[in-house]
Amino acid sequence: MGRIVTQNKLGESSRSNQIIDLVSPKERKNKDSGKDGNTSSSSMISAVEEVPSFAKITNLNCIDLSLPNIHANVSLVKQSCLDCGFFYVINHGISPDFMDEVFRQSKKLFELPMTEKMKILKNEKHRGYTPLFDEVLDPENQIHGDYKEGYYIGREVAEDDPDANQPFFGPNVWPDSDLLPGWRQTMEKYDTQALEVGRTVARIIALALDLDANFFDKPEILEKPLALLRLLHYEGIFGAGAGGNSDFGLITLLATDDVVSLQICKDKDARPQRWEYVPPLKGAFIVNLGDMLERWSNGVFKSTLHRVIGNGQERYSIAYFVEPGHDCVVECLPTCQSETSPPKFPPVRYGAYLSQRYKDSHADRSSYDTQ
C-alpha cells in the first residue's frame, strides 16, 4: 500500500493536486466517487495499471474549476499551454451520473446494426454517422484511415435559418426515436453543458494570454461557434485507432472511458518521435489546445500531436470541439508579437479553413453507396 502524489508543476499548493491511493481492486470498487463533477482519486491508478511497463506516462496539470481563486488556475493553464498543450479539468459542473448516461446512449448508437447506422450517415454538413476508415488523420503513415466509427452533432440550426446555408450549420441527423428513445434530448443537453465548460476554460486561457477574460466570448468566436460534438467508438484492436494529428480549432474537451489508449507527442519535430500515454481520469475532461490557439498565440501555446493506439480493448470516448465561428479571422494576438517576434502565421478565416481541413481528412459523402 502506498500513494502517488501528482502535483501541479508550478509547485503551488491547491485542491487541484491529486493524491492517488494505491489500493486493491476490491478496495477501489468501494470508493465513493463524490459530489457532482468530482473525480474519483483512484481512477488514474486503475488506468495506469493497464499501460505496458516500458511505456512512458505523461504528467498533466489538473485544473479545478470549483476553485474560488481563478489566478491559481490561470498559472497552471499557462504552464500547461507552454509545455504540452494538454491538461485535465475537474469539477466542471457536469454530473458524473449524466456523463455515464451520455456514454450509455453513445454505446447504444454504435450497437445498432450497420443497416440502421447507414440510414443516419453523415450529410454534407458533417452531421451524422461516420463508418470505419472515414477519416485519414495521418496520411503519411496510414494506408486505410482511422479504425474508428463516429457520430457528429453540431449546433441545431433550422433549415429556414439564414445560417443554415453556411458549411457545418443546419439541422442535425438524428437516429429514429423509436430505436433510441430520449437519445436526441440527452445529446442536446450534453452539447449545451459542454459548450459552457468550453467557454469557462477559454476565459482562463484568455487571462493566460494577458487578454481580457471575455476575449473569446466575442460574437464571431464563441457566441455563435462552430462547436461540434463527436461520439467515438474504437473496436478492440491492437495498433493505430486514430492517426497522429492536432485538432483544428480553439480547444477540445475529451471525455473517455477507462481504457488507456491516448498518446501525445510533445515535440512533433523530434526524430524519432517520442509518444507518451495520457491516463484517463474518471469524471475529468482531458483538454487540449487546437491549431487556432497556436496561431493566435504565435506558436507560444502548443497544439500538440496526439493519437489513439489500441490495446485490444473496446474503447468509447466523446470529443467536444470548441471552434470559432465561420467569420472569425484568426491572426496573431497583440500580446503575442513584438519587433523581435513578428507574426509567424498569416490570418485565416476559420470557416474556410475548417472546410478545407475536413475535405482533406474525411471521405466524401458521395463515396458511400447508400442504395
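No hydrogens, no waters, no symmetry mates; every other heavy atom, side chains included, goes into these values.
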- prompt: How is the hydrophobic cluster of W275 composed, in terms of its other members, when Ile, Leu, Val, Met, Phe, Trp and Tyr link through side-chain heavy atoms under 4.5 Å apart, directly or indirectly?
  reply: L305

task: For the pair H144 and F133, name the ring-plane relationship: parallel under 30°, tilted 30 to 60°, perpendicular over 60°.
output: tilted

- line: Contacts of K119 meeting side chain to side chain donor-acceptor pair (under 3.5 Å) (sequence neighbours excluded), chain-then-number -> E116

task: Show which residues join L137 in its hydrophobic cluster (side-chain heavy-atom contacts under 4.5 Å, direct or indirect), or state none.
output: none

- prompt: E314: what forms a side-chain contact (heavy atoms from CB on, under 4.5 Å) with it, not counting sequence neighbours?
  reply: H233, Y316

message: So, using ring pair (Phe, Tyr, Trp, His ring centres under 6.0 Å) as the criterion, who are the partners of Y151 when residues are at least two apart?
response: W183

task: Could you pull out all residues at least two apart from E101 that satisfy side chain to side chain donor-acceptor pair (under 3.5 Å)?
output: R104, Q105

query: Can you list the residues that meet the ring pair (Phe, Tyr, Trp, His ring centres under 6.0 Å) rule with H326, with sequence neighbours excluded?
result: F169

- request: Not counting sequence neighbours, list each pair that qualifies as a salt bridge (Lys or Arg N to Asp or Glu O under 4.0 Å) and has a residue in residues 332-347.
  value: none

Without placing hydrogens or testing angles, list every side-chain donor-acceptor pair under 3.5 Å for residues 210-225, not counting sequence neighbours.
residue : atom : partner : partner atom : Å
D212    : OD2  : N214    : N            : 2.9
D217    : OD2  : R203    : NE           : 2.9
K224    : NZ   : D163    : OD2          : 3.0

message: Test of understanding: with ring pair (Phe, Tyr, Trp, His ring centres under 6.0 Å), list the residues that count as partners of F345, not counting sequence neighbours.
response: none

query: Can you name the salt bridge (charged side-chain N to carboxylate O under 4.0 Å, His left out) partners of D247, sequence neighbours left out?
result: none

- request: Could I get the full list of ring pair (Phe, Tyr, Trp, His ring centres under 6.0 Å) partners for Y152, not counting sequence neighbours?
  value: Y358, H362

